[in-house]
Amino acid sequence: MPELPEVETLARTLRPALIGKTILASDLRWKRTLAAPSPEAFKRKIRGQEITEVSRRAKYFILRLSSVSLLIHLRMSGGLLVVLGGYQPEKHDRLILKLTDDTSLIFSDPRKFGRVWLVDDPARVFADLGPEPLSEAFTAGWLFAALRARRRQLKPLLLDQTFLAGLGNIYVDESLHRAKLHPLTPSDRVTARQAEGLRNAIRATLEEGIRQNGASIDWVYRGGGFQNQFRVYGRTGQACPVCGRKIQRLTVGQRGTHFCPKCQKLKD
DNA sequence: AGAACCCCCTGTTTGC
DNA sequence: TGCAAACAGGGGGTTC
């Protein structure tokens, strides 16, 4: 489920239920979910920690604790849930944190791609991430210069978290359509004016996604409404909302890529 | 440097 | 209908 707007929605939604709670015990049900430290050290260090802050960086969900930080990356199929009362673990639960006030935080993840870190310094995990697209650092000028410094197709470049952090397959396709740029456009051929349009399109798309509480697709994530406003994502063969032409799909970097052949022309 | 391919996993959808 | 292949919101790795 998780791109920036979905993780942001989770942080906003779970914050009031988590702030001030103390972690009484942990139950790691799939060892490889834990990226660091060792399962033994994790169990020992997390017990007794109080949750002081709930936030997000890129697609990472962050729990600031008394003396360490818990980072959770949901990857393709992860989800987080706070439950009240006696809880019977379910099939896809990978980590369960028992909290005060008879509550638990459940990390569920059918595909097991999700990862959890318990670290002293989150900055080390985040070291290679590009800027936050909703921060002030993400200006048209920065984007234009950064695009020119590379020679890559826009689609894979915008998915690259070291270039820009937080976009995933949905929001890249939606942003490129809004910006009227073909996904295969070489980054160093984007004009300053197009870069400004792309910057604005990315921000508008993410802000709308957050406003809609993210996108709900398949069985993984529910509650968001952004899926009802997709312009191109998952709409192969359907009409472009701008010009009516049929949306096309191609594969770029192993990822399904959706675009309008009329609105997003590839010039040469 | 960048593109193309592999892998990690499970569940659902699609095509024959 | 049944079964196999394709596909899925992510990201790390190798090879050319």
Side-chain angles (χ1 to χ4, degrees), chain A residues 1-10 29-36 56-61 71-80 90-95 107-117 125-130 133 146-177 183-190 202 205-206 208-210 212-237 249-258:
Chain A
M1 84 173 231
E3 297 182 37
L4 188 157
E6 288 76 29
V7 181
E8 178 66 27
T9 299
L10 267 183
R29 306 176 66 80
W30 179 254
K31 294 266 189 284
R32 271 183 285 177
T33 289
L34 189 58
R56 175 197 64 75
R57 165 80 168 103
K59 302 174 192 172
Y60 291 82
F61 179 85
L71 314 178
I72 303 178
H73 197 305
L74 286 67
R75 295 281 174 91
M76 291 285 265
S77 64
L80 290 168
E90 293 187 10
K91 185 178 180 184
H92 300 305
D93 295 349
R94 308 304 177 199
L95 176 66
F107 173 49
S108 156
D109 182 24
R111 293 179 72 179
K112 302 175 176 172
F113 290 163
R115 290 293 179 268
V116 170
W117 294 253
V125 177
F126 301 153
D128 293 333
L129 290 177
L147 289 172
R148 294 194 62 137
R150 317 275 197 113
R151 183 185 250 99
R152 289 183 66 185
Q153 300 168 333
L154 287 182
K155 173 73 189 257
L157 183 57
L158 292 175
L159 283 176
D160 183 342
Q161 302 297 296
T162 68
F163 181 79
L164 186 63
L167 294 182
N169 213 31
I170 290 177
Y171 292 90
V172 168
D173 282 5
E174 294 296 303
S175 297
L176 286 173
H177 180 268
L184 298 182
T185 306
S187 60
D188 62 339
R189 293 199 43 243
V190 172
I202 289 170
T205 303
L206 291 173
E208 182 60 15
I210 291 171
Q212 298 284 334
N213 295 317
S216 308
I217 299 188
D218 294 340
W219 75 101
V220 183
Y221 179 78
R222 301 187 215 313
F226 191 56
Q227 70 282 2
N228 298 319
Q229 309 186 199
F230 287 167
R231 298 160 165 245
V232 291
Y233 183 82
R235 298 190 63 249
T236 310
R249 178 189 188 279
L250 51 92
T251 300
V252 185
Q254 312 292 110
R255 311 301 300 277
T257 297
H258 314 78

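Quick note on labels: first sequence line is chain A, next is B, and so on, each numbered from 1.
- Rounded to whole Å, the distance from CG on A:Leu159 to P on C:dA8 is 13 Å.
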(request) Treat a base pair as Watson-Crick or G-U wobble with both distances under 3.5 Å, then lay out DNA chain C in dot-bracket form, 5' to 3', with | for cross-strand pairs. (result) .|||||||.|||||||

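- Residue A:Lys112 places none of its side-chain N or O atoms closer than 4.0 Å to OP1 or OP2 of B:dC8.
- Atoms CD (A:Glu6) and P (C:dG10) sit 9 Å apart, rounded to a whole Å.
- For A:Asn213 against A:Gly223, the heavy-atom pair with the smallest separation is CB-O, 4.1 Å.
- Residue contacts shown for A:Lys91 are limited to sugar-phosphate atoms, with no base heavy atom under 4.0 Å away.
- Atom P of C:dA6 sits at a distance of 11 Å from the matching atom of B:dC6, rounded to the whole Å.
- In this structure, A:Phe113 does not count as stacked on the base of C:dG11 under the 5.5 Å centre distance and 30° plane angle limits.
- Distance A:Asp109 CG to B:dT10 P: 10 Å, rounded to the nearest Å.
- Side-chain proximity of A:Tyr233 to B:dC8, C:dA8, C:dG11: nearest is C:dA8.
- One can place OH of A:Tyr171 at 11 Å from P of C:dG10, the figure rounded to the nearest angstrom.
- Computed from coordinates, the A:Trp117 CH2 to C:dG12 P distance equals 8 Å when rounded to whole Å.
- Judged by distance alone, the side chain of A:Thr257 and the main-chain N or O of A:Arg255 form a donor-acceptor pair under 3.5 Å.
- In this structure, A:Arg111 atom CZ and B:dT10 atom C1' are separated by 7 Å, rounded to whole Å.
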Check the interface with nucleotides 2-5 of chain B: list each N/O to N/O pair with the protein under 3.5 Å, or write none.
unit_1	atom_1	unit_2	atom_2	d
B:dG2	OP1	A:Arg151	N	2.6
B:dA3	OP1	A:Gln153	N	3.3

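- Residue contacts for A:Arg249: at a heavy-atom cut-off of 4.0 Å it reaches the sugar-phosphate backbone alone, with no base atom in range.
- Atom CZ in A:Arg115 sits about 10 Å away from atom C1' in C:dG12, given to the nearest Å.
- Residues passing the salt bridge (Lys or Arg N to Asp or Glu O under 4.0 Å) test with A:Lys155, sequence neighbours excluded: A:Asp173.
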(request) Go through A:Arg231 and A:His177 one step at a time and tell me if the side-chain hydrogen bond (donor to acceptor under 3.5 Å, both in side chains) criterion holds. (result) CA-CA 7 Å; A:Arg231 298 160 165 245; A:His177 180 268; 3.2 Å; yes

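- For the pair A:His92 and B:dG11, the criterion of a side-chain N or O lying under 4.0 Å from OP1 or OP2 is met.
- Of the possible donor and acceptor atoms, one in the side chain of A:Arg94 sits under 3.5 Å from a partner among the backbone N and O of A:Pro110.
- The distance from atom CH2 of A:Trp30 to atom P of B:dC8 is 12 Å, rounded to the nearest whole Å.
- Phosphate contact (OP1/OP2 of C:dG10, side-chain N/O of A:His73, threshold under 4.0 Å): absent.
- For the P atom pair drawn from C:dA5 and B:dC7, the interatomic distance equals 15 Å after rounding to whole Å.
- Comparing the same atom, P, in C:dA4 and in B:dC9 gives a spacing of 22 Å after rounding to whole Å.
- In this model, the phosphate group of C:dA8 is not approached by any side-chain N or O of A:Arg75 to a distance below 4.0 Å at OP1 or OP2.
- Listed here is the closest heavy atom pair of A:Asp109 and A:Ser77: OD1-OG, 2.6 Å.
- A:Glu90 pairs by the salt bridge (Lys or Arg N to Asp or Glu O under 4.0 Å) definition with nothing, not counting sequence neighbours.
- Partners of A:Phe226 under the ring pair (Phe, Tyr, Trp, His ring centres under 6.0 Å) rule, at least two apart in sequence or in another chain, are A:Tyr171, A:Phe230.
- In this structure, A:Gln161 contributes its side chain and A:Leu167 its backbone to a donor-acceptor pair below 3.5 Å.
- With sequence neighbours excluded, the residues that form a ring pair (Phe, Tyr, Trp, His ring centres under 6.0 Å) with A:His258 are A:Tyr233.
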